[in-house]
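Following: one structure in C-alpha cells, then a few remarks.
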Amino acid sequence: MLAGKRVTLIIGGGIAAYKCLDLIRQLRRAGAQVTPVLTRAATEFVTPLSVAALAGEQVYQHLFDLKDEAEMGHIQLSRQSDLLVVAPATANMMAKMAGGHADDLATTLLLATDKPILIAPAMNVRMWEHRATQRNLAQLRADGVGVIGPDSGDMACGEFGPGRMAEPAAILATIVAKLRSGPLAGKRILVTSGPTHEPIDPVRYIANRSSGAQGTALAEALRDLGAEVVFVTGPATVPPPQGVTLHQIETAREMLDAVEAALPVDAAIFAAAVADWRVENASDQKLKKTKQGAPELVFAQNPDILATVAAHPKRPTLVVGFAAETEQVIAHAQAKLARKGCDWIVANDVSPATGIMGGAENAVHLISHAGVEEWPRLPKQEVAQRLAACIAKALS
Ligand code: C5P
C-alpha cells in the first residue's frame with residue numbers, strides 16, 4: 001500500500017501522542033518507512049526509545065544536535081520524505097506553523113520542506129473552538145496543509161466535544177489517499193460490502209451469509225490502483241481493509257445514509273448483500289415466549305441503495321451492482337441491470353453447491369449494456385483485481 005514511501009512523523013506534545021505508537025505500527029505494516037521527530041513536549045508523553053523501537057529508525061529531536069546535522073542536515077531531513085505528518089498537532093504547534101515560526105527542529109522542518117503536510121489536531125475543546133485556533137486553522141488550510149479531524153467525544157481532560165485526535169486507522173487512510181499513485185489516482189470510489197443486520201428486538205436480528213470477502217478484496221484492489229476508497233460495510237466476518245475511509249453500519253437504512261453522505265464519487269460498487277426486508281414492528285424490549293404463541297413480525301421493504309444511487313442527481317459516472325442468484329443467473333442479472341439503472345452487473349451463482357457465498361473463490365459474469373463476459377472461477381482477490389482493472393479503464 002505504501003511500499004517505497006517515506007513519512008516524517010512529527011509527534012507533538014499532547015496526551016494523544018500515545019496513539020502515534022500505533023500509527024507508526026500501522027504505517028510500517030502498510031509498507032512505509034517512518035522518520036520520527038519528537039518535540040520537547042512530546043517526550044513528556046512518549047519516550048524516544050519506544051518511538052525508535054517501533055519506527056526501527058533514529059528519532060530526531062534537537063535542531064542543534066550536531067550528530068544529526070553531520071549525518072543529515074535539517075534541510076535534507078525536511079525533504080527526504082514524501083509527506084510530513086504532524087500528530088498530534090497541538091494548538092501551539094498550529095499557531096507556530098500558521099505564523100511561520102522555526103524555533104525547534106519540528107517547526108524548522110515544517111518551514112523548510114517542499115513536501116505536502118498533513119496535521120491531525122488534538123486539544124481541549126475550548127482551545128479548538130477558540131477564535132485564534134480557528135483563525136490559524138483557516139490560514140493553514142489556505143497554505144495547502146491537509147487536516148484530518150479532530151473527532152468529537154470524551155476527552156482526557158474530562159470535557160466533551162471536538163478535540164480528540166483522529167484514530168490512527170483514519171490518519172493512515174488519509175496518508176494512503178495523499179500518497180496514492182496508479183491508474184485510479186485522483187478517483188474517489190465507493191464500495192458497499194457485507195451483510196446488513198435488521199433488528200427484530202434488541203438482541204435478535206435478520207441477517208444473511210455474506211462474509212464481506214468479495215467487497216473487501218475489491219476495496220483493496222481499487223486502493224492498490226490508487227483510488228481513494230470509501231468503504232461502507234455491514235457486520236462482515238472478514239476484517240475491513242486498511243487504508244480506506246471506513247463506515248461501519250448495521251441496517252440497510254444506515255447503509256443508505258452513509259452512501260448518500262459519501263457522494264459525489266467517480267464510481268460506486270455495490271457488493272453488499274442488503275436485506276430486502278426489515279421488521280417494521282421491531283420491539284424495543286426482548287420478545288418473550290407467551291401463551292399467545294409466536295410473535296407476528298410485520299415486514300417493510302428496505303430502500304434499494306443501488307437503484308437510489310443510479311437515479312441520484314449526484315449519480316457517479318460508473319454504477320456497478322452485484323447479482324447473487326441461485327438460478328437463471330444471466331437472465332436475472334440482465335433484468336436487474338435494466339431495473340436498477342446501473343452500468344454493469346457482476347453476476348454469480350450462489351447456490352450452496354458452489355460454495356461461493358462465504359467461500360474464497362468466485363465465478364462471475366460481467367454483464368453490461370455491451371454484452372456478457374464469462375470469467376473463470378478465480379480466488380476472490382483475482383476477481384477483484386480484474387474488476388478493478390476494468391473500472392480503471394472505464395474511468396480513464
Ligand atoms: O435486488 P438484489 O438484492 O438482488 O440486487 C443486488 C444488488 O443490489 C447488489 O449490488 C446489492 O448491493 C444492491 N442492493 C442494494 N440495496 C438493496 C438491495 C440490493 O444496494 N436494498
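Keep in mind the model is a prediction, meaning the values are calculated, not measured. In each ligand, atom 1 is the first atom listed, and ligand 1 is the first ligand listed. We're numbering straight along the sequence, starting at 1.
Where the criterion is an N or O separation shorter than 3.5 Å, residue side chain and backbone included, A271 fails it with respect to ligand 1. The shortest N or O to N or O distance between G321 and ligand 1 is not below 3.5 Å. Remark: ligand 1 and I305 share an N or O pair separated by less than 3.5 Å (distance only, no angle test).
Within a 6.0 Å sphere centred on CZ of R209, heavy atoms belonging to other residues, nucleotides or ligands number 12 at most.
With no hydrogens or angles considered, a side-chain donor-acceptor pair links Q80 and T35 at under 3.5 Å. Side chains of T90 and N92: a donor-acceptor N/O pair is absent below 3.5 angstrom, by distance only.
No heavy atom of M255 sits closer than 4.0 Å to any atom of ligand 1. The closest approach between A323 and ligand 1 stays at or above 4.0 Å for every heavy atom of the residue. The closest approach between a heavy atom of P303 and any atom of ligand 1 is below 4.0 Å.
When the heavy atoms of K336, R253, H332, R339 are ranked by distance to atom 4 (O) of ligand 1, first place goes to K336. The heavy atom nearest to atom 3 (O) of ligand 1, out of those in L256, N302, D276, is found in D276.
Using a 30° and 60° split on the angle between ring planes, Y205 and H197 fall in the parallel class, below 30°.
Given atom 11 (C) of ligand 1, the protein heavy atom at minimum distance is A272 O, 3.3 Å. Protein heavy atom closest to atom 6 (C) of ligand 1, with residue, atom name and distance, is F322 O, 2.9 Å. Ranking the protein heavy atoms by distance from atom 18 (C) of ligand 1 puts V274 CB, 3.7 Å first. With hydrogens left out, the protein atom closest to atom 20 (O) of ligand 1 is L306 N, 2.9 Å, a heavy atom.
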Verify side chain to side chain contact (heavy atoms under 4.5 Å, CB included) between E167 and D22, making sure each step is shown before the conclusion. CA-CA 9 Å; E167 290 304 320; D22 188 26; over 6 Å; no
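Remark: side-chain polar atoms of R164 are paired, donor with acceptor, to backbone N or O of D154 under 3.5 angstrom.
The shortest distance between side-chain heavy atoms of W277 and L297 does not fall below 4.5 Å.
If you take CD on Q242 and CZ on F231, they are separated by 12.0 Å, rounding to the nearest 0.5 Å. Atoms CZ and OG1, from R315 and T308 in turn, are 12.5 Å apart once rounded to the nearest 0.5 Å.
In the vicinity of K340, heavy-atom distances shorter than 4.0 Å reach the ligand 1 atoms 1 (O), 2 (P), 5 (O), 6 (C), 7 (C), 8 (O), 14 (N), 19 (C). For ligand 1, the atoms sitting less than 4.0 Å from at least one non-hydrogen atom of F270 are 9 (C), 10 (O), 11 (C), 12 (O), numbered in the order shown with element in parentheses.
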